[in-house]
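Residues take their numbers from the sequence shown, with the count starting at 1. Being a predicted model, the structure only gives us computed values, none of them experimental.
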Amino acid sequence: MKICEYVPHGAVPDIRGFAPAIVAQNFAKFLKEDEAYIISNLEEYKDVFSKTEYGDVYRIGESALYRRLFRKITRLDPYPLHARAAKIVNTRPVDIFHAHQLEFDVKDFRKRVGKNTKIAVHAHITKKFDPSLGIADCYLAVSEYLKARLIERGFDERLVHIVRNGVDTDIFKPLDEKQKNGIKLKYGIDKNKKVIVFAGRKQEIKGFEVFLEVAKRLLETRDDIFVIAVGSEPVSALKDESYQDRQKTREILKQNCNFLDLHALKQTELAEIFGIADIAMLPSKSEPQGMTMIEAMSCGAIVISTATGGIKESIDNNQNGFLVDNPEDIEAYYAAAKDALSGNFEHIKANAREKILKTFSWEVVTQSLREVFCKL
């Protein structure tokens, strides 16, 4: 079976923690007995073709002038990205074209590559069904929650299948004390400190302001913890109602020698951070599934998150992590963090790793993907 993984809004190999790109590259990597290649965005790369650990990667992109002229001013877009992808597919035909973009133009793409290529559209978020884009051969939802939302918004239930996002359990794994101490030394962290981590986009939808407030309270009352915030801060974060307040809190925290504010990290670097984390606090307000949650669980961190969306399918409350009902309940998150810091929850960590291996390893989820593709 020949497959193309297509991710138009992210580069492969991923360099900014963009979930669709991470998913696409790992599906290509773990479809071991199949011939798979990737078409991704060019982004910061200069090479339009590379051989990588994930397989062959073709990169397409638009110049700044093109975007300004045909996207912002005229909105004509005479040579869209999917047309550039079709040109590659016509020189290297596939059985399945797997697009990680819910608004993918199925109708126009099918005209360009012919009817023999089956089209699978991967839903990482939910949108209303748009009949003008045509109908794919199947749609892939990352959780039961997202599948239900897609059906509610007009997608044909018969075409929607669940294929969860996965975790590379060889990268995201528990570390021994020697490994942890080495990483702590690298970041200037006392080896005796307990580490609390946030990872994700630094904005309201991810609960960044909740995390910062809890971190502030903990650092005011304890001297045995170290707090790390990891992630990008998109321009849209400036529009958040909490932006000004959380920036003030952030500045206070930056004056504390036990707080580290990091940009988005590569998967191997993020795995190091989760590897030294005692607690991963991820107070998202909405998640189709939640990749950072399962990555932290795979490393054996105690995950504290929100009982919303697809998160509830990843974390079983009080068994392999802890869930807070209200994502804006700072007191509840603070109490959960204090409990996790003071108690012995080795069974929580073990249960979390076990669930990841059984349900979310790339080997397991890629087999689910292959089964759907074989039915096509």
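- Proximity of Leu31 to Glu5: side-chain heavy atoms (C-beta onward) are separated by under 4.5 Å at one or more points.
- No donor-acceptor distance shorter than 3.5 angstrom exists from the side chain of Thr359 to the backbone of Ile356, with no hydrogens or angles considered.
- In this pair, His98 and Phe373 present their aromatic rings perpendicular. The plane angle is above 60°, beyond the 30 to 60° band.
- Under the 30°/60° scheme for interplanar angles, the aromatic rings of Phe211 and Phe208 are found to lie parallel.
- Between Phe129 and Phe155, the ring planes lie perpendicular to each other; the angle is over 60°, past the 30° to 60° tilted range.
- Figure legend: Arg112 and Phe109 shown without cation-pi pairing, the cationic atom not lying both under 6.0 angstrom from the six-membered ring centre and within 45 degrees of its axis.
- Under 3.5 Å, the side chains of Ser143 and Arg164 contain no donor-acceptor pair of N or O atoms.
- Note on ring orientation: taking the six-membered ring where Trp is involved, the planes of Tyr37 and Tyr58 are perpendicular (angle over 60°, cut-offs 30° and 60°).
- When only modelled atom types and interatomic distance are considered, Asp240 and Ser242 share no side-chain donor-acceptor pair under 3.5 Å.
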Would you give me the side-chain donor-acceptor pairs under 3.5 Å for residues 268-278, sequence neighbours excluded?
residue: Glu269; atom: OE1; partner: Lys266; partner atom: N; Å: 3.1
residue: Glu272; atom: OE1; partner: Lys186; partner atom: NZ; Å: 2.9
residue: Asp278; atom: OD2; partner: Val195; partner atom: N; Å: 2.8

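- Below 30°, between 30° and 60°, or above 60°: for Phe97 and Tyr6 the angle between ring planes is between 30° and 60°, a tilted geometry.
- A side-chain N or O of Arg59 and one of Ser50 form a donor-acceptor pair less than 3.5 Å apart.
- With sequence neighbours excluded, the residues forming a side-chain contact (heavy atoms from CB on, under 4.5 Å) with Asn326 are Glu328, Asp329, listed by chain and number.
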